[in-house]
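Bear in mind the structure is a predicted one, so any value in this text is a computation, not a measurement.
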Amino acid sequence: MAKKVLIVGGVAGGASTAARLRRMDENVEIIIFEKGDYISFANCGLPYYIGGSIESREELLIQTPKAVQDRFNIDVRVKNEVIGIEPEEQVVKVKDYEEDKEYIEDYDFLVLSPGAEPIKPPIPGVDNERIFTLRDIPDTDQIKKHVLTNDPQKAVVVGGGFIGLEMAENLHQQGLEVAVVEMAEQVMAPLDYEMAAVVHNHLREQGIELYLENGVTAFEEEEVVLANGQSLAADLIMLSIGVKPQSELAKQAGLKIGERGGIVVNDYLQTSDENIYALGDAIEVQDYVMGNQVHIPLAGPANKQGRIVANNLTGAEEKFKGTQGTAVVKVFDLTVATTGMNEKRLQELGIDYHASFTVSPSNAGYYPGSTSMIIKTLFNTQSGQLLGAQIIGKKGVDKRIDIMATALRFGKTVFDLQELELAYAPPYSSAKSPVNMAGFVAGNIIEGTMEIIHWGQLAELDWDEAFLLDVRTKAEYHASRFESAVNIPVDELRSRLNEIPADKEIVVHCRIGVRAYIAARILMQKGWDKVRNLSGGFMIYEEVYQDQLARGLAEDLGMEIVEGREGIKPSSKEAELDLSQGLTLTLLVQERLKDLEAGGVLKVVVKEEEAKEELLDWCEDSEHQLLEVVEEDNYIIQIRK
């Protein structure tokens, strides 16, 4: 039974350890040392206070030192920094900044929760007073003061990770022009590139400038100098290039440090000294999926680790089983989420896997407000075991990533995803949930019901030996298409099979993959033995193409997209429905279509992009033909009955 426990550092790890320890043992002596003023604060909420979504600074303060002392009978010593550890004597050396003195404190057990610190690279000018990092309350106060006092107009965010993008959005919300500089080819490293491309395009649509595959060589007084020679004006600079474990104290004490600079711990979160535990952003942990050592600084795992350390200190042995890296971030009105492995990591580890894309509505397409979400599913080639998932959309993403994360945590397969019985009502989901659909598509791939090809593989094909078949409507085809694609709408396919070569591989695609799957099944059962469906359809390729086009690299993809609406003839049978005032949508459209004769055209006018996407998704899933989408003051959408 623990007698005296010292905890170095508060916030997620240290504070949760202390609170759980007190609940488990009323008699143990607990002392928390925190070198700053704040023992427990909402560090994940800091960007939103800067941006104004969180109005009161006090809302960021979860627990004050006095509240912790009063409720839990814990000795909280703020402005006290542990500056040395003597493991053999079981004592620590403490610097008290208020009293300006040093003293020794003994322990039975020591818990290290020092966290991580922002990486500050040795770039000329990095100490410029306009440069900020964001990790704690004082950082937040400095940034907020700079924004309010100096009225900056232009901001440069260096680093496109989760915090970098949150800061880009919140600075933009404060009225600043924002540029994001990222040394890698993409933002948000846990995502695979094509999913990041969706984020890139969305950021550009919001007015954020992106400088990818571009590092910083110098910070000048009012400019950021990039590796390609460009200079960006900047009144405010955010350094968000990552964090490193604060493990120096442990290293000086002779504790084992891992390859990534984090403190090494065993399954029980003990360090190389059995009387010293460590947790949170300072440690290296086991990846839950593959079992290798990783450094994943996330608040969720840190809180769980605090509970486990407290249990172990009171004799209730419990293992920490690893981290799978489940995370979610708001990027303007997009939600971006990930869990488990991405393709880069699977390839590095030599894992045999498949990837598939599905695009599903957030709720029933006929219910107003439905929007699309893209799900990328990674799974074992043979068993179908779920290895990772990435989801992007405007609604319902957090719910679906949590389902995927739960399935992954318990070793489930894509076939298990098919069997999940998930809550359904039109405002919340479809009868076949997006997670179910991801499982169905992945299962089809494993079982050979459908063979897929990915966007990056198109350029590798010999088009003398392959045939690119576009089964979308004529209107969709003429609006935007692959230059070399041949258009045969899926509903005409059976009567036009003679137009499809029998001696070539057939690569079939539609907008998101559903109609192409139907077409592929028709062809496979009619005698074509080399048929592949473009996973994620034209939509995924177009996102990549638009990103590469913005960067001047589209030619490298090898497949050109051309645009133009020639070939569309307006119908004489037309009814017009003006929805620009925000009336209900899909059901009203259905009712008006009932009034038209077969072949008649309904022209729908909507003002919101979300409403436009809702109608496009509905047309995709219905028997009605999307003819044309024109963007003027509003979106004009023509649908043929």
Side-chain angles (χ1 to χ4, degrees), residues 192-194 197 343 347 352-359 374 376-377 381 441-442 444-549 553-564 567 620:
D192 287 316
Y193 166 67
E194 67 284 326
E343 285 203 70
Q347 290 167 5
D352 192 15
Y353 72 94
H354 276 315
S356 69
F357 295 93
T358 50
V359 183
I374 304 170
K376 181 173 185 178
T377 310
T381 304
V441 171
N444 284 340
I445 294 169
I446 292 175
E447 293 173 339
T449 307
M450 176 181 66
E451 188 173 348
I452 61 170
I453 186 170
H454 289 292
W455 65 268
Q457 297 174 300
L458 293 180
E460 301 170 3
L461 291 179
D462 179 354
W463 290 105
D464 291 330
E465 302 295 329
F467 181 81
L468 186 57
L469 176 61
D470 185 336
V471 298
R472 298 175 299 161
T473 64
K474 288 182 175 64
E476 291 173 281
Y477 174 78
H478 287 294
S480 183
R481 62 194 180 275
F482 290 118
E483 186 177 37
S484 57
V486 174
N487 179 226
I488 304 177
V490 64
D491 294 339
E492 302 175 17
L493 184 60
R494 291 181 181 88
S495 63
R496 297 175 60 180
L497 292 174
N498 62 309
E499 299 176 37
I500 301 173
D503 59 344
K504 292 185 177 183
E505 176 181 358
I506 311 302
V507 176
V508 60
H509 73 276
C510 62
R511 191 172 79 92
I512 62 174
V514 177
R515 288 171 290 176
Y517 171 58
I518 296 169
R521 291 301 301 159
I522 292 171
L523 292 173
M524 291 168 69
Q525 294 176 82
K526 293 290 186 180
W528 277 263
D529 59 359
K530 293 186 293 184
V531 182
R532 287 199 278 178
N533 183 359
L534 179 62
S535 187
F538 189 77
M539 179 180 178
I540 295 295
Y541 191 96
E542 191 169 34
E543 290 284 0
V544 172
Y545 186 86
Q546 293 301 324
D547 179 46
Q548 293 289 292
L549 195 64
L553 302 172
E555 290 184 3
D556 296 344
L557 290 174
M559 296 288 291
E560 185 179 357
I561 289 180
V562 295
E563 297 182 355
E620 177 84 30

* Could you grab the distance from atom CG of N533 to atom OG1 of T449, nearest 0.5 Å is fine? => 12.5 Å

* **Heavy-atom check, side chain of R496 versus side chain of P489, under 4.5 Å** => yes

* side chain to side chain contact (heavy atoms under 4.5 Å, CB included) against H354, all qualifying residues, sequence neighbours excluded -> F379, T381, I445

* Asked: Which residue pairs satisfy the salt bridge (Lys or Arg N to Asp or Glu O under 4.0 Å) criterion with at least one member in residues 505-532, sequence neighbours excluded?
  -> E476-R515, E505-R532, R511-D617, R511-E620, R515-E620

* Is any side-chain heavy atom of I561 less than 4.5 Å from a side-chain heavy atom of Y541? -> yes

* Could you tell me which residues satisfy salt bridge (charged side-chain N to carboxylate O under 4.0 Å, His left out) with E542, sequence neighbours excluded, listed by chain and number? => none

* To do: Could you check W455 against E543 for side chain to side chain contact (heavy atoms under 4.5 Å, CB included), going step by step and ending with a plain yes or no?
  => CA-CA 10 Å; W455 65 268; E543 290 284 0; over 6 Å; no

* So, do F357 and I512 sit near enough that their side-chain heavy atoms are less than 4.5 Å apart? -> no

* Show your reasoning for whether side chain to side chain contact (heavy atoms under 4.5 Å, CB included) applies to Y517 and N444. => CA-CA 10 Å; Y517 171 58; N444 284 340; 3.4 Å; yes

* Minimum heavy-atom distance between F467 and E499, given as atom pair plus value -> CZ-O, 4.1 Å

* Asked: Can you name the salt bridge (charged side-chain N to carboxylate O under 4.0 Å, His left out) partners of D470, sequence neighbours left out?
  -> R472

* Strictly by modelled atom types, are Q347 and Y353 linked by a side-chain donor-acceptor pair under 3.5 Å? -> yes

* Asked: Under 4.5 Å between any side-chain heavy atoms of V359 and M539, yes or no?
  -> yes

* Asked: Does the side chain of I500 reach to within under 4.5 Å of the side chain of L469, using non-hydrogen atoms?
  -> yes

* **For S480 against E563, the heavy-atom pair lying closest together** => OG-CG, 3.9 Å

* To do: For the residue pair I453 and H509, establish whether any side-chain heavy-atom pair is separated by less than 4.5 Å.
  => no

* Qualifying residues under ring pair (Phe, Tyr, Trp, His ring centres under 6.0 Å), relative to Y545, sequence neighbours excluded -> none

* NZ/NE/NH1/NH2 to OD/OE distance under 4.0 Å, K376 and E194 -> yes

* Heavy atoms, side chains only, cut-off 4.5 Å: are L493 and L523 in contact? -> yes

* Partner residues of E465 under the salt bridge (charged side-chain N to carboxylate O under 4.0 Å, His left out) criterion, sequence neighbours left out -> none

* Taking all non-hydrogen atoms of both residues into account, name the closest pair between I506 and P501 and its distance. => CD1-O, 3.6 Å

* Would you call the rings of F538 and F482 parallel, tilted or perpendicular if under 30° counts as parallel and over 60° as perpendicular? -> perpendicular

* Structure fact -> CG of N487 to OG1 of T473, rounded to nearest 0.5 Å, is 7.5 Å

* May I ask you to check whether over 12 heavy atoms, not counting those of E555, lie within 6.0 Å of atom CD? => no

* To do: Show the numbers, then the answer: is there a side chain to side chain contact (heavy atoms under 4.5 Å, CB included) between L461 and V507?
  => CA-CA 10 Å; L461 291 179; V507 176; 3.7 Å; yes

* To do: Just do the side chain to side chain contact (heavy atoms under 4.5 Å, CB included) check on C510 and V490 with the steps written out, would you?
  => CA-CA 9 Å; C510 62; V490 64; over 6 Å; no

* Report the distance from atom CD of Q457 to atom CG of L534, rounding to the nearest 0.5 Å. => 9.5 Å

* How many angstroms lie between atom CG of L497 and atom CD of E492, to the nearest 0.5 angstrom? -> 12.0 Å

* Asked: Hey, what do you get for CG (L458) to OG (S484), rounding to the nearest 0.5 Å?
  -> 9.0 Å

